[in-house]
Amino acid sequence: MHIYIQQKLQEAVRQTFPDASLTNVVVRPCPDPRFGDYQSNAIMGIAKERKLNPRQAATDVLAHLDVTDCCETPEIAGAGFLNFRVKPEALARAIAAPLEGAPLFFQPVAKPRTIVIDFSSPNVAKPMHIGHIRSTALGDALARLNRKLGHRVITDNHIGDWGTQFGLLTVGWKSQLDRASLETDALGEMERLYKSVTAAADADPGVREAARQELVKLQSGDPTNLEIWGRMIDLSQVQFDEIYGRLGVQFDHTLGESFYNPELKRVVQELVGKGIARESQGAVCVFSEGVLNPKEDPFLVQKDGEWSPNPALIQKADGAANYATTDLATLEYRWNTWQPDDVIYVTDGRQQLHFRQLFNAWQRWHPELREGMQLHHVWFGSITGDDGKPYKTRSGETVKLAGVLDEAQERAFAVASSKNPDLPEAQRREIARVVGVGAVKYADLSPNRQSDYVFSWDKMLSLQGNTAPYLQYAYARIRSVFRKAGAEAGLNPGLIQLRHADELGLAKRLVRFGLSMEAAASEHRPNYLCLYLYELAGDFARFYESCPVLKSEGAERNTRLVLCELTGRVLKEGLNLLGIEVLEQM
RNA sequence: GCAUUCGUAGCUCAACUGGAUAGAGCUUCUGACUUCGGAUCAGAAGGUUACAGGUUCAAAUCCUGUCGAAUGCACCA
């Protein structure tokens, strides 16, 4: 709907001001329904460039604009806003379309892009913790969203399966492995080994030296150490898969850091050969090339009023590469393998400097791909407790993700049991699973990703406010209507008459679904979609209070059933794009 | 010290990236035919968008400064 108006408006602007750029001529929903349904403020900008009276310019554009087939006569308001009011008949046609096979209020993109999304990235031998949920939920939602819009999406779990921690782990594995607890909880046991040996190494330099030697043996291909390392990866992956199974998250590829080991030496050589990196204090580092404004340059930092080097290490003094090197090799592999238009990294905000350096170094390494492969660091804030500090258990441990999901389901089960004690237990368990996991994910997706947010069970599982259970409840109510309506619920797309204010309000919200999808995808912010779904659920609740469905008859009943059906479809699809399931009953 | 990101109602968060009178939920108060699922809805109260300047027809949003917070700054990722 807004796209149609926008195209018409662009055409009118082109006729009135042939030299004007049309990229800013956009149509947006009105912030306040009193102004209308859609607005454009583009004329004000165009008038300003030409030093014209904006209201006069708007009048001139309107003379070339004919949208009588879908809108009332557009109005000029305020400083030069154009306001559009949609005709109910046009709205009825718009909402009939998905019932006849059209996409659900969105348009697939005209030019699909190839998008690699790198997210989740747990570390081998460490249980996934609460911090992983945000990357996982965000990355999965972005993948689903972009796929739905028609892009070619490739998801890659860049797990941490290589690095110095394996020296310590191997010492622990060889000296104090508890095979029984390895059977029951492999990640827990490996975590215990790691902590135990770390403590021992702090107290005894001999242990640290032993760890260093085990690492060297692993890196030089010692069969025993390689086997232990492989076991640790396999055991970890089993537990990762269990969590991903619960979360409903799938990856196209799981290419861990070790996958790139064979390339690292060559990457370092190439960077040195091209003068991008050089030796410094025994290590090999990337320094500034000095072309950027110092403030923008990720390899410069101000010290005592002077700009000083802030290099990125790509090879340590001991000859080993590190994560910057791996990330460069990874980019090279991704380009060679998929030729992506975009690569999206979903990590916490603490890695901003690393990615600025990585992107800069990559562009110097492969300047020819500067435009061809766009790199995005989609970062997010941390999850905190009531005190504003990172969320920890009472004893100060990091909170394990499996435990969070367990508790969410337990709490949801208690609620389901108290609200619906007559349902069989198996069904209440299933409700608890869908509600619990959905609540945890939604709590991560609905705030602006860049802000820290306070973890709260009560808030995420509440049936009020912007939560997953509230949206799932709205869906369940809709399904209940159709259970009651039974076989008489045949929907007639040709018999839609929108009259009641809450019918119109709901219909207008429905047709904006695509707008929220596009905003969420283009800004990598699923919270735009969350907000839309919450507002949709609110509009539906209002409609549902004021417009009886099953007690009405004829065209009115058909119209209201259509609105219920489409609201249900959008809620289900929208939640699905967020990786959240819905229930027929809850 | 420098950099990044922030500072919005008592609390937790929004605000479609420069648009019109800054919105929700929680909390408090008042209402809604024994209810198409009341796990809901309607209404009231609550704001100098940290502070001070500036740019603009228009600023929570952009620029400058001050105060405060989180995070990061060479061999962990």
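In this structure, C26(B) forms a base pair with G10(B), meeting either the Watson-Crick or the G-U wobble geometry with both donor-acceptor distances under 3.5 Å.
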Output a table of nitrogen or oxygen pairs between the protein and nucleotides 23-27 of chain B separated by less than 3.5 Å.
from: A24(B); atom 1: O2'; to: Y534(A); atom 2: OH; distance (Å): 2.6
from: C26(B); atom 1: OP1; to: Q464(A); atom 2: OE1; distance (Å): 3.0

Kindly give the atom pairs (protein nitrogen or oxygen, nucleotide nitrogen or oxygen) under 3.5 Å for nucleotides 68-73 of chain B.
from: C73(B); atom 1: O2'; to: N310(A); atom 2: OD1; distance (Å): 3.2

Which atom pairs link the protein and nucleotides 15-19 of chain B when you take only N or O atoms and keep those under 3.5 Å?
from: A15(B); atom 1: OP1; to: N527(A); atom 2: ND2; distance (Å): 3.1
from: U17(B); atom 1: N3; to: Y528(A); atom 2: OH; distance (Å): 3.3
from: U17(B); atom 1: O4; to: R525(A); atom 2: NE; distance (Å): 2.5
from: U17(B); atom 1: O4; to: R525(A); atom 2: NH2; distance (Å): 3.2
from: U17(B); atom 1: O4; to: Y528(A); atom 2: OH; distance (Å): 3.4
from: G19(B); atom 1: N7; to: N41(A); atom 2: ND2; distance (Å): 2.9

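For the P atoms, the distance from A15(B) to C62(B) is 13 Å, rounded to whole Å.
In U17(B) the base sits syn relative to the sugar, since the glycosidic angle is no further than 90° from 0.
Contact check, R477(A) against A39(B): no side-chain N or O comes under 4.0 Å of OP1 or OP2. Taking 4.0 angstrom as the limit, K484(A) places none of its side-chain polar atoms (N or O) nearer than this to OP1 or OP2 of C36(B). In this model, the phosphate group of A3(B) is not approached by any side-chain N or O of Q352(A) to a distance below 4.0 Å at OP1 or OP2. At C41(B), none of the side-chain N or O atoms of Y473(A) fall inside 4.0 Å of OP1 or OP2 (strictly under the cut-off).
For R512(A) and F106(A), the positive end is not near the middle of the six-membered ring at less than 6.0 Å and at most 45° from its axis.
Judged by distance alone, the side chains of S288(A) and D297(A) do bring a donor and an acceptor atom under 3.5 Å apart.
One finds a salt bridge joining E581(A) and R433(A) here, because a Lys/Arg side-chain nitrogen approaches an Asp/Glu carboxylate oxygen to under 4.0 Å. Salt bridge annotation for D37(A)-R85(A): absent, with no cationic side-chain nitrogen under 4.0 angstrom from a carboxylate oxygen. A salt bridge is absent between E545(A) and R542(A); no separation between the charged side-chain nitrogens and carboxylate oxygens falls under 4.0 Å. Under the 4.0 Å criterion applied to side-chain N and carboxylate O atoms, E584(A) and R479(A) are assigned as salt-bridge partners.
Across all strands, V549(A) comes closer than 4.0 Å to base atoms (heavy-atom distances). Within 4.0 Å (heavy atoms only), C564(A) reaches no atom of the nucleic acid at all.
With rounding to the nearest 0.5 angstrom, the CZ atom of R28(A) is 7.0 Å from the CD atom of Q6(A). The structure places SG of C530(A) at 13.0 Å from OH of Y532(A), a figure rounded to the nearest 0.5 Å.
Contact record, L264(A) with A321(A): CD1-CB, 3.7 Å, taken as the closest heavy-atom pair.
Between F455(A) and D386(A), every side-chain heavy-atom pair lies at or beyond the 4.5 Å cut-off.
Mapping F455(A) and L82(A) onto RNA chain B by nearest heavy atom places F455(A) at the nucleotide closer to the 5' end.
Results of the side chain to side chain contact (heavy atoms under 4.5 Å, CB included) test with T567(A) over Y475(A), F543(A), F540(A) single out F540(A) as the only residue that passes.
Checked by distance alone, S280(A) brings a side-chain donor or acceptor within 3.5 Å of a matching partner on the base of A74(B).
Between H158(A) and Y260(A), the two ring planes are tilted [angle within 30° to 60°].
The nucleotide whose nearest atom lies closest to any side-chain atom of N420(A) is, among A74(B), A3(B), A39(B), A39(B).
By the criterion of a centre-to-centre distance under 5.5 Å and near-parallel planes under 30°, the ring of Y544(A) forms a stack with the base of C36(B).
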